[in-house]
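Remarks on the structure that follows.
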There are 2 protein chains.
Amino acid sequence: MATLRDVARLAGVSIGTASSALNQGRKVKDITRRKVLEAASVLNYRPNGVARDLKTQRTDTIVVFLHDLAGPFYSELIRGIQSVADERGYATIISRGGVGRQIAWTRFVVEGRVDGAIVLDPTVPDEVIRSTACSTLPIVLLDRTLATPYCLHVAADHEDGAYQITKHLLLSGLRRIAFVSGPIDSHDSSLRFRGYHKALSEFGINIDETLVFRGDFTERSGLLAARAILSHENLPEGIFAANDEMALGVLSGCEASGIKVPDQVAVVGFDDIAIASYVRPALTTVRQPMYELGGVAARSLFRAIDGEQDVSSQVLPTTLVVRDSSKRPSVNDTPMAQSV
Amino acid sequence: MATLRDVARLAGVSIGTASSALNQGRKVKDITRRKVLEAASVLNYRPNGVARDLKTQRTDTIVVFLHDLAGPFYSELIRGIQSVADERGYATIISRGGVGRQIAWTRFVVEGRVDGAIVLDPTVPDEVIRSTACSTLPIVLLDRTLATPYCLHVAADHEDGAYQITKHLLLSGLRRIAFVSGPIDSHDSSLRFRGYHKALSEFGINIDETLVFRGDFTERSGLLAARAILSHENLPEGIFAANDEMALGVLSGCEASGIKVPDQVAVVGFDDIAIASYVRPALTTVRQPMYELGGVAARSLFRAIDGEQDVSSQVLPTTLVVRDSSKRPSVNDTPMAQSV
DNA sequence: TAAATGAGTTGAAACGTTTTAATTTTGGAG
DNA sequence: CTCCAAAATTAAAACGTTTCAACTCATTTA
């Protein structure tokens, strides 16, 4: 591979001049620049990015850590991040979870091959983040909080979303509403439970422990929860699954047991994944503003990269999406959004 | 940030020794190594990856270019790639299409910030790939061919998949089968058309031009195609959409017109996206072995990185997935795979 | 005419590693 | 105690850029 030295030699100038000629905005005689460009073209010269990064002490690259890529969910988030990064001329690289996560974390974050990181992956241990975060490499945490001065936080308002959707059921006249939680250590799940709890309280209803079930965010766990719920001596009127995958499982469970949704029991989820609008009955759920979340996260990150000190944490509102799975025949509810 | 020099100074050894002590597998007295490790820990030393990459002339990183991340489709592919990369201790970075694609391409591929690339993104111009590919940076092309000695090719057998699914319809007794294509310049779409054509030929059927419609791989275009098809004076017995999104659009179109699927018309797609099994009737389609495709692509890439000369191109078989959307009440077909 | 100006260039010093040739230390063997 | 090989360490040379002080040399100014 031809290096700058080769180009300079062929063009008959010094390395410094060759460098200046190739990077515009430096004072170089027109004739000289032409000579250098010519030489570079002849040699098919490509600048070595690694050398440049070393010298300039910046990479103009940020990394996004995701747990998994499945779902337009993350796709939207990335689009939001990229739209901001593109504007600044930064490259955005995405890294998935899994075995290689550790390799990637070390390589990019710890060993400084990027200028900043955005993390939306509950499987990255707090410990790892805390030990890495320092003033030279800002990290934005999505949907998770961590007490360290070097991390910024951006999240959707899970609690409020859960509050809204529970209230939606309550306003439809339902009172006995079951909750299917995520894993015990899921921050999101507990926030959603809190919203559920808050809405019930407002209607003067106490949590009925026999109506709270534990899932693990998988469709299968939703199915199992449905079985448990439906074997309850007295059927609840509504089921709020802490995410859509589980809600799908609940729907299957109901179908299998011959329980009519929403006539006998309303089912709602959280996240608004793509399938939610395709399944029958279409699933009522809560949409997170993924694109905006990404944009806000990226903007915060860049502010930190620019050295701004106190970038504050941010919480973005969610949207209730009412579909068929919560439509009671006779009751007027007040949908805030409607979708296919 | 502390550098190796700082660590060496604090430990009272030379830089070279400090380096050896930190990278195991070098001969360093135990006591010395302990001193260095101690110093590194005190200073919270983190090696500078960029400097290392420059010196060693390798990055131990590969990049995957995708058009979009939506769909478990790509997720599977990435998993396949990563499983191989992880084994070799390589980091895998993913780059999306969009405006920033050019930035990323330049930064990673052209300026050599990775050791290899896998491209599954029809929007990267041939021209760009051709001008970048050279012996120092191997590139694996997925589902696309390009005549250049430096690129490797891996693809699913689109033609055979299309052949199989068309034959499946023919074996069910259907004869008049419409085809909804993708964009005119889509390589995949033309291969699928070829398979469709081949199956028809085998049954002695000529292509009926009035049964071939152009879509653009979007659900909406499938819906439009369905309208066009259903307004045909004489309804076809089957509709083969060149991808699942369009097939979903076709299903909506049929539903809107009150046409019963599969009783009045069978509908099949291609790709086996997640929604395919959730929609009613569940969609018959062709599954591409995305995980395997990723694994094969990664293995080929590494062989090229290792300097092996003639790594051959590979084509992987697809699988027919029969679901309800093609089940004729009275006919016995021979499903090769069955799924929920 | 001499001095001042300023645009172009150059050479050398970084950036933070790894690696190798050269040098020093170590621990036996004679 | 001396000498020698082996082991450990060091110093310096890369890797390929960018950047900056210093320098050249033509052009203007006094």
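Chain identifiers are assigned alphabetically (A, B, ...) following the order of the sequence lines, protein sequences preceding nucleic acid strands; residue numbering begins at 1 within each chain.
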Quickly work out the [X] [atom1] to [N] [atom2] distance and round it to whole Å.
X       : N      : atom1 : atom2 : result
B:Leu43 : C:dG16 : CG    : C1'   : 15 Å
B:Leu54 : D:dA14 : CG    : P     : 14 Å
A:Asn48 : C:dT17 : CG    : C1'   : 14 Å
A:Asp53 : D:dT17 : CG    : P     : 12 Å
A:Arg52 : D:dG16 : CZ    : P     : 14 Å
A:Ile15 : C:dT9  : CD1   : C1'   : 13 Å
A:Asn23 : D:dT19 : CG    : P     : 8 Å
B:Arg26 : D:dT9  : CZ    : C1'   : 12 Å

Once you apply a heavy-atom cut-off of 4.0 Å, does [X] come out as touching a base, just sugar-phosphate, or nothing?
X       : result
B:Val28 : sugar-phosphate
B:Thr3  : sugar-phosphate
A:Val50 : nothing
A:Thr17 : base

Exercise: do A:Thr59 and A:Asp115 side chains pair donor with acceptor under 3.5 Å: yes
Beyond-backbone contact of A:Phe302 with A:Ile62, side-chain heavy atoms, under 4.5 angstrom: yes
Donor-acceptor pair present, B:Lys29 side chain and D:dA8 base, under 3.5 Å: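 Result: no qualifying N/O pair found.
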Any donor-acceptor N/O pair under 3.5 Å between C:dA7 base and A:Lys27 side chain: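 No such pair is found, so the answer is no.
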Pairing of A:Lys35 and A:Glu38 as salt bridge, 4.0 angstrom limit: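 Salt bridge between A:Lys35 and A:Glu38, a charged N being under 4.0 Å from a carboxylate O: no.
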Salt bridge present between B:Asp126 and B:Arg144 (N-O < 4.0 angstrom):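 Yes, this pair counts.
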B:Glu111, CD atom: more than 12 neighbouring heavy atoms under 6.0 Å: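 More than 12 within 6.0 Å, yes.
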Contact nearer the 5' end of DNA chain C, comparing B:Ala2 with A:Ser20: A:Ser20
A:Ser19 side-chain N/O to D:dT18 phosphate OP1/OP2 under 4.0 Å: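 Looking at the OP1 and OP2 atoms of D:dT18, one of them is under 4.0 Å from a side-chain N or O of A:Ser19.
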Short side-chain N/O contact from A:Gln57 to OP1 or OP2 of D:dT18, under 4.0 Å: no
Nearest-nucleotide comparison on DNA chain D, the residue closer to the 5′ end among B:Lys55 and B:Ala18: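 It is B:Ala18, whose closest nucleotide lies nearer the 5' terminus.
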